[in-house]
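The block underneath contains the structure these notes are about, expressed in structure tokens.
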Amino acid sequence: MLLHVNMRRALCNEWSDKLFDGASEFYWTWSVFLQKNDDDIDLAQGFSVGCPVNDGYAFNNTHDDKKERILNDPRFTVQLPEVPEGKTAVVRLDIHCWEADNNAEAVKKAFTNAAAQKFLQIYEEQQQRQKAALDKFAEWLDDEDDSIIQTLINAGTLSSSTFAVAKDIIGLIGAGVNLLQNSGHDYIGIWRAELFIENLGDRYRYRWRFDDGVEEWWDDEGKIYRWAQFKEYDGSNMLHSKLLLETTNLGVNSLVDPDTLRSDHSL
């Protein structure tokens, strides 16, 4: 089973950089947390690879007034977990939006699998003292070795591998995001969704939970489109992105008409 995510396009309704050429530059980072059991998860991370490593996508330039852009970025695919019969797995998708005004390289570097593994290593070396680990991690992010992000950018579209971590590491990942915000990186906001996958024995079924609640169960692989809002706390920056969310290769036969299931989800 695979989950494919593609940010098809974005619309910028509010932006703060209205001096000079009027443009603001934005990019996105993402994390996928795949529940394996009560104690462990699989993690995958990434970022927008179609814009320059030290920049984002320009919106609202006074020369072309481009409020909306076709992106197809971030675009990635992750392997979904195997689900034991009678059990339900939960997949959490976090997408963060940033303005590229201050060292975008460090933020993008933080959202790589290699960075997460480095953070865990530092955390253990600092005897699980979170503040000391975060300080050391910040130093590592600011060093000049950006080969990690350049390799991912060269790859273009990402098919991201996952690696196993302890479940309590999710809190550390969140602390890392707070570290980046507190270090002066211009953070716009987060959009979060959860995918539930249930193994009924003869088939899988799944459902999404978004900001406005839980969707219906589906018995077949399929895709939906969803608008995601990214809004800064003071309203000075606000973007809406159209996301394609697709599950494929479930390996089961649909027991219902998939067109009926999907009829209310295409935007």
Side-chain angles (χ1 to χ4, degrees), residues 1-14 26-35 41-48 68-81 83 87-98 111 158 160 162 167 170-171 173-174 177 187-200 204-233 235 237-248 250 254 256-267:
M1 293 186 294
L2 301 171
L3 171 64
H4 179 68
V5 180
N6 181 9
M7 185 175 291
R8 293 281 294 113
R9 65 178 186 261
L11 171 68
C12 181
N13 295 313
E14 296 291 340
F26 301 98
Y27 62 95
W28 287 262
T29 60
W30 55 268
S31 299
V32 179
F33 304 92
L34 306 113
Q35 174 190 305
I41 61 168
D42 280 347
L43 171 65
Q45 298 194 122
F47 55 87
S48 300
E68 185 174 14
R69 296 189 61 135
I70 300 297
L71 296 177
N72 292 314
D73 182 29
R75 180 179 178 179
F76 58 92
T77 304
V78 295
Q79 180 76 42
L80 292 173
V83 184
K87 298 293 185 179
T88 301
V90 182
V91 178
R92 192 180 99 189
L93 169 63
D94 288 354
I95 300 179
H96 305 269
C97 183
W98 307 79
F111 281 88
L158 296 182
S160 183
T162 61
K167 192 174 181 180
I170 295 179
I173 300 297
V177 175
Y187 183 69
I188 307 304
I190 183 176
W191 181 81
R192 174 174 291 165
E194 292 171 300
L195 174 64
F196 300 88
I197 307 168
E198 185 177 19
N199 184 348
L200 298 177
Y204 285 100
R205 66 175 185 169
Y206 63 96
R207 72 196 304 180
W208 285 95
R209 179 162 63 196
F210 300 111
D211 293 337
D212 53 356
V214 179
E215 304 288 299
E216 296 294 327
W217 283 106
W218 289 5
D219 289 295
D220 185 32
E221 62 190 57
K223 62 183 178 181
I224 62 174
Y225 293 91
R226 194 78 182 185
W227 283 104
Q229 177 178 273
F230 302 92
K231 183 178 181 180
E232 198 160 3
Y233 72 96
N237 290 287
M238 182 170 64
L239 298 95
H240 291 84
S241 298
K242 189 175 186 181
L243 294 167
L244 164 64
L245 305 168
E246 185 172 15
T247 52
T248 59
L250 288 179
S254 174
V256 294
D257 181 0
D259 292 330
T260 301
L261 290 172
R262 299 171 194 157
S263 61
D264 295 331
H265 296 280
S266 181
L267 298 181

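Index from 1, following the sequence.
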In terms of heavy-atom contacts, Ala193 and Trp191 come closest through CB-CH2, 3.5 Å
To the closest 0.5 Å, what do you measure between CZ (Arg9) and CG (Leu243)?
11.0 Å
Got a sec, which residues hit side-chain hydrogen bond (donor to acceptor under 3.5 Å, both in side chains) with Arg209, two or more places apart in sequence or on another chain?
Glu194
Can you tell me how far the CG atom of Leu239 sits from the CH2 atom of Trp227, to the nearest 0.5 Å?
11.0 Å
How would you list, by chain and number, every residue that makes a side-chain hydrogen bond (donor to acceptor under 3.5 Å, both in side chains) with Asp94, sequence neighbours excluded?
Arg92, Arg192
Show your working on side-chain contact (heavy atoms from CB on, under 4.5 Å) between Phe210 and Leu245 and close with a plain yes or no.
CA-CA 12 Å; Phe210 300 111; Leu245 305 168; 3.7 Å; yes
Measuring only between side-chain heavy atoms, which start at C-beta, is Asp42 closer than 4.5 Å to Val78?
no
Output yes when a side-chain donor or acceptor of Gln79 lies under 3.5 Å from a complementary backbone atom of Met1, and no otherwise.
yes
List in chain and number order the residues that pass side-chain hydrogen bond (donor to acceptor under 3.5 Å, both in side chains) with Ser241, two or more places apart in sequence or in another chain; answer none if no residue qualifies.
none
Shortest non-hydrogen separation from Ile197 to Tyr206 and the atoms involved
CA-CB, 4.3 Å
Contact between Leu3 and Phe76 at the side-chain level, heavy atoms closer than 4.5 Å - yes or no?
no
Using the test side-chain contact (heavy atoms from CB on, under 4.5 Å), find all partners of Asn199 that sit at least two apart in sequence or belong to another chain.
Val83, Glu85, Tyr204
My understanding is that only residues two or more places apart in sequence, or in another chain, count here; which of them pass side-chain contact (heavy atoms from CB on, under 4.5 Å) with Glu246?
His4, Lys223, Leu244, Thr248
When every non-hydrogen atom of His240 is compared with those of Gln229, the smallest separation belongs to NE2-OE1, 3.1 Å
Relative to each other, are the rings of Phe111 and His96 parallel, tilted or perpendicular (30° and 60° limits)?
tilted
Looking only at heavy atoms, the pair that brings Asp73 and Ser48 closest together is OD1-CA, 3.3 Å
Asn237 and Glu14, any side-chain heavy atoms less than 4.5 Å apart
no
For Asp212, check side-chain hydrogen bond (donor to acceptor under 3.5 Å, both in side chains) against everything at least two apart and list the hits.
Arg226
Value for CG (Leu80) from CG (Leu2), rounded to nearest 0.5 Å, stands at 6.5 Å
What are the two closest non-hydrogen atoms of Phe196 and Thr88, and how far apart are they?
CB-CG2, 4.2 Å
Which residues share a side-chain contact (heavy atoms from CB on, under 4.5 Å) with Gln35, sequence neighbours left out:
Val90
Residues that Leu11 engages under side-chain contact (heavy atoms from CB on, under 4.5 Å), provided they are two or more places apart
Asn13, Lys67, Glu68
How long is the straight-line distance from CD1 of Ile95 back to CE of Met7, given to the nearest 0.5 Å?
4.5 Å
From CH2 (Trp218) to CG (Leu195), nearest 0.5 Å
10.0 Å
Minimal heavy-atom distance between Leu43 and Phe33, with the atoms involved, is CD1-CE2, 3.6 Å
Which residue in the set Trp30, Phe26, Trp28, Tyr187 passes ring pair (Phe, Tyr, Trp, His ring centres under 6.0 Å) when paired with Trp98?
Tyr187
